[in-house]
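This report concerns only the one structure given below.
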Number of protein chains: 2
Amino acid sequence: MNGTTARSTQLLRQINSDALLRFGLQEQVFTAGEAMAVTGLTRATVLGVCDGLVDAGWLEEVDDGRAGGHTPKGRPARRYQLREAAGVVVGLDAGETYFTVIVADLRGRELGTRRQGIESHALGREGRGASARELIRLTLQDVGRAPDDVLLTVVGVPAPIDANGMSPDGEFWHLMNSGFASHLHGRVVVENDANLAAVAERAHEPSANQATLLTGERFGAGLIVDGRLLRGPRGGAGEMRFLDTLTAGKFVPDEGGADGFGALARKWARSRIHSYEGETMLRQMPEGEINAEDVFQAAREGDPFAEDIIARLGARLARIAVVLSSLLDIERVVIAGGISRAIEPVLEHARSLLPTDTGLPLPELVASTFGAQVVVKGAIESALTQIKAEPHAFLPRAARS
Amino acid sequence: MNGTTARSTQLLRQINSDALLRFGLQEQVFTAGEAMAVTGLTRATVLGVCDGLVDAGWLEEVDDGRAGGHTPKGRPARRYQLREAAGVVVGLDAGETYFTVIVADLRGRELGTRRQGIESHALGREGRGASARELIRLTLQDVGRAPDDVLLTVVGVPAPIDANGMSPDGEFWHLMNSGFASHLHGRVVVENDANLAAVAERAHEPSANQATLLTGERFGAGLIVDGRLLRGPRGGAGEMRFLDTLTAGKFVPDEGGADGFGALARKWARSRIHSYEGETMLRQMPEGEINAEDVFQAAREGDPFAEDIIARLGARLARIAVVLSSLLDIERVVIAGGISRAIEPVLEHARSLLPTDTGLPLPELVASTFGAQVVVKGAIESALTQIKAEPHAFLPRAARS
DNA sequence: GACCTAAATATAAGATCCATATAAATCTTC
DNA sequence: GAAGATTTATATGGATCTTATATTTAGGTC
């Protein structure tokens with residue numbers, strides 16, 4: 001009755017049903033004939049399977065007269081489409097200081113979104129979980145959906161996540177990975193935020209080998225090699241601690257592997273502005289109030305102190321790109337996160353530092369176009385991918401009770 | 001008739017047949033009852049599928065009276081086993097200076113092996129291809145098999161290999177990847193040698209996240225993350241060029257990313273022995289004749305000059321291990337290749353250099369136990385894995401013509 | 001030799017898909 | 001507006017494969 005364990009005689013039907021539903025998930029509307037071409041099945045079989053999917057609540061027949069009538073002659077084809085009411089997916093970016101929710105339909109169209117500041121350290125795990133539940137509840141309400149409509153919720157957190165959704169020991173990680181599965185309604189998958197950013201970038205530009213660096217306040221990388229997201233037994237794939245270990249010998253205090261470019265720009269600016277001997281407009285503001293945006297802005301205006309920081313970030317990025325390109329044959333490095341809108345000068349400098357004498361193609365360095373929404377977008381994309389991977393594992397909101 | 005394109009009605013039979021054959025490939029002999037437990041199918045179905053596999057030439061019924069009679073009561077079960085004559089697999093390590101062949105049966109048991117020195121640069125591509133064919137022919141002859149018995153030949157070469165078996169441009173790589181598919185009989189798969197070494201190590205110690213460094217004369221790494229071998233669009237995953245780029249600033253001439261530990265030990269010894277001021281037994285031999293073995297031997301005997309080289313190798317290995325552990329969450333680093341038998345002192349020194357303050361588990365550093373045979377063993381393992389992945393894509397030597 | 005047991009076989013039934021034939025719905029043409 | 005053309009939907013029979021049940025078979029035990 002539950003469909004998860006199929007008897008062997010019904011296996012074939014399930015395979016065909018999944019294939020057809022997968023087709024339906026990416027098409028607006030489709031006819032049996034189109035499905036026949038894709039699946040290689042007979043018309044009778046396709047229609048039978050579609051019947052089943054309509055009964056299950058996944059599909060609905062669209063009888064729009066001749067609205068999409070692109071068949072000039074012959075009996076009009078029956079046309080099917082994904083049932084709008086079958087369900088929605090929820091993406092949640094559960095960052096340290098902000099939560100962002102998107103509710104999307106099964107084709108990935110955004111239905112509603114909300115964003116809220118979060119005092120994680122004041123709220124604690126419980127508070128983060130409760131806030132997430134409430135924010136999702138409100139967003140669902142905005143778009144007139146019930147919690148039961150949600151087929152899958154994907155949550156992005158700034159912590160390593162293993163295959164079971166768990167993080168390694170560590171106070172910060174324990175706080176970030178707040179046990180959302182028990183707080184939220186229905187099926188929940190927790191994933192590392194940088195990994196979700198990588199999923200978003202892959203959906204946007206389908207390269208099978210690319211790295212996405214999520215680098216605002218914290219730093220994380222989502223690695224996609226041979227079309228697959230790398231994880232590691234403890235979810236540690238994409239950590240960048242090695243950067244500092246390798247520059248060992250000369251001890252560089254401020255370079256934290258966990259710091260994103262935004263944090264580094266701020267820290268470097270604040271700690272070096274005293275020892276800097278030239279002119280800089282940043283000296284006009286109190287040292288404790290210099291932020292990354294100020295540094296980027298000053299650099300745009302030609303301030304040499306700020307430009308030096310940009311150059312140092314570029315050098316850091318170049319080192320990362322060389323390692324990824326060499327070790328993993330990565331073709332494309334995407335800088336994502338809120339900072340991505342201002343990152344172009346850093347990219348330019350990094351490109352100039354890439355070694356050209358290896359004879360091998362250089363990795364492409366680009367800025368994400370998703371801005372601060374990468375992680376949520378990736379969460380939605382990830383949810384849809386999981387549903388497409390095994391549709392029968394998800395039950396649509398019933399059509400007939 | 002060819003079985004590659006199955007009609008939908010026969011798909012189920014094929015799925016079950018493959019599952020059963022996969023079971024047969026890993027068991028010595030099995031009864032229908034055991035297969036029922038594994039596949040979940042009915043006895044009638046299992047016996048029907050087995051009939052088909054016997055007809056196809058994959059299995060044979062073993063009627064050994066009660067040789068393995070561990071069923072005291074009831075009618076004795078029919079027992080099946082893989083048909084010895086169904087076929088063999090061939091593994092070829094096509095290195096720069098040596099070829100090694102193993103012919104193995106479908107359970108991975110070595111039937112015969114041969115090894116031969118190869119003057120690659122004198123022979124050229126054609127010569128390498130012809131030598132490979134001849135060496136395989138002889139080994140098959142040794143064990144009384146015909147070329148048609150070979151279901152799959154896997155060739156390991158010291159060059160990056162992409163998903164289509166091609167290498168990037170480069171004279172050396174073009175020479176090494178000698179177009180074996182056209183020279184050898186039957187189905188041929190070409191793979192990077194370090195990747196095959198990694199496959200061998202995974203079969204030996206099944207960790208889903210380990211790196212295998214093939215490091216005698218040349219250097220290459222086979223990376224297994226989340227249980228999968230990484231490749232990259234140009235087969236470049238596992239290249240280690242980055243090591244030198246990262247130590248940039250101070251220019252170190254002798255550290256070539258392409259050099260293995262053996263080559264480095266030799267080069268360092270020869271180039272530094274003049275400037276070394278202390279005593280060293282290596283000075284007793286002509287500078288041009290010092291080899292890696294001499295350095296390792298001297299270090300074992302406490303020679304400080306040799307010990308310093310060991311320490312430098314250890315430091316290099318430690319850096320590699322840190323990067324792999326941090327960036328890919330690698331749990332285990334295996335040093336493989338002919339040099340692995342002597343590498344333990346290097347491992348010891350490298351372990352002492354691993355940072356202990358990260359709070360994360362350190363990667364395990366171990367020496368391979370396969371010695372110079374890693375690559376061939378991996379080739380055999382890879383061939384068996386591919387056959388298990390889709391048995392129906394391979395046709396056994398016919399039982400009845 | 002009778003009895004017990006577990007496996008093999010035989011038979012009928014259920015599920016699925018395909019091939020073919022037939023009916024239906026729409027457009028075109030006269 | 002009716003006939004023809006065209007494409008799709010539906011109905012029917014057949015083939016394949018799996019399952020369930022009943023029956024037979026091959027060994028051992030007493």
Side-chain angles (χ1 to χ4, degrees), chain A residues 1 3 5-21 29-56 59-80 392, chain B residues 1 3 5-21 29-56 59 61-81 392:
Chain A
M1 198 57 83
T5 62
R7 282 173 48 202
S8 183
T9 50
Q10 300 170 323
L11 183 59
L12 199 49
R13 196 47 177 282
Q14 190 176 87
I15 291 174
N16 289 333
S17 179
D18 280 1
L20 226 134
L21 184 47
V29 286
F30 66 93
T31 66
E34 291 161 6
M36 287 165 64
V38 171
T39 61
L41 297 170
T42 313
R43 162 165 277 113
T45 306
V46 167
L47 289 173
V49 171
C50 284
D51 268 358
L53 288 171
V54 168
D55 277 357
L59 298 181
E60 64 189 1
E61 198 168 343
V62 41
D63 40 16
D64 53 354
R66 64 209 58 76
H70 31 49
T71 44
K73 21 184 190 179
R75 173 172 177 172
R78 287 170 65 178
R79 301 165 69 224
Y80 296 90
H392 67 268
Chain B
M1 199 55 85
T5 61
R7 282 173 49 200
S8 186
T9 50
Q10 300 171 324
L11 184 59
L12 196 50
R13 195 49 178 284
Q14 191 176 85
I15 291 173
N16 289 334
S17 178
D18 279 2
L20 225 131
L21 185 48
V29 286
F30 66 94
T31 67
E34 291 162 5
M36 288 165 64
V38 170
T39 62
L41 298 170
T42 314
R43 163 166 275 109
T45 305
V46 167
L47 290 173
V49 171
C50 283
D51 269 357
L53 288 172
V54 168
D55 277 356
L59 298 180
E61 198 168 345
V62 41
D63 41 15
D64 53 354
R66 65 211 55 76
H70 32 47
T71 43
K73 21 185 191 180
R75 173 173 177 173
R78 286 169 66 177
R79 302 165 71 224
Y80 297 89
Q81 67 182 7
H392 68 269

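Not measured: the values here are computed from a predicted model.
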| field | All side chain to side chain donor-acceptor pair (under 3.5 Å) counterparts of B:Arg43, not counting sequence neighbours | value | none

Of all the nucleotides listed ([options]), which has the minimum atom distance to the side chain of [X]?
| X | options | value |
| --- | --- | --- |
| B:Arg78 | C:dT9, C:dA19, D:dT8 | C:dT9 |
| B:Arg75 | D:dT25, D:dT19, D:dT8 | D:dT25 |
| A:Thr45 | D:dA26, D:dT18, C:dC18 | C:dC18 |
| A:Arg13 | C:dT16, C:dA7, D:dA9 | C:dT16 |
| B:Thr9 | C:dC18, D:dC17, D:dA20 | C:dC18 |
| A:Thr42 | D:dC17, C:dC18, D:dA9 | C:dC18 |
| A:Pro76 | C:dT26, C:dC18, D:dT24 | C:dT26 |
| B:Lys73 | C:dA7, C:dT5, D:dT8 | C:dT5 |
| B:Leu12 | C:dA19, D:dT25, D:dT18 | D:dT18 |

| field | Those residues that, when tested against A:Glu61, pass salt bridge (charged side-chain N to carboxylate O under 4.0 Å, His left out) (two or more places apart) | value | A:Arg78

| field | Side-chain heavy atoms of B:Asp51 within contact of B:Asp55, under 4.5 Å | value | no

Nearest whole angstrom, please: distance from the [atom2] of [N] to the [atom1] of [X].
| X | N | atom1 | atom2 | result |
| --- | --- | --- | --- | --- |
| B:Leu41 | D:dT16 | CG | P | 19 Å |
| A:Gln10 | C:dA13 | CD | P | 20 Å |
| B:Glu61 | D:dA26 | CD | P | 13 Å |
| A:Leu20 | C:dC17 | CG | C1' | 14 Å |
| B:Arg43 | C:dA10 | CZ | P | 15 Å |
| B:Met36 | D:dT19 | CE | C1' | 11 Å |
| A:Leu47 | C:dC17 | CG | C1' | 13 Å |
| B:Asp51 | D:dT18 | CG | C1' | 15 Å |

| request: Please check the phosphate of C:dT16 (OP1 and OP2 only) for any side-chain N or O of A:Asn16 closer than 4.0 Å. | output: no

| query | Pick one: which of A:Thr45, A:Ile15, A:Val46 meets side chain to side chain contact (heavy atoms under 4.5 Å, CB included) with A:Thr39? | reply | A:Val46

| request: Kindly compute the distance separating CG (A:Leu59) from CG (A:Leu21), expressed to the nearest 0.5 Å. | output: 6.0 Å

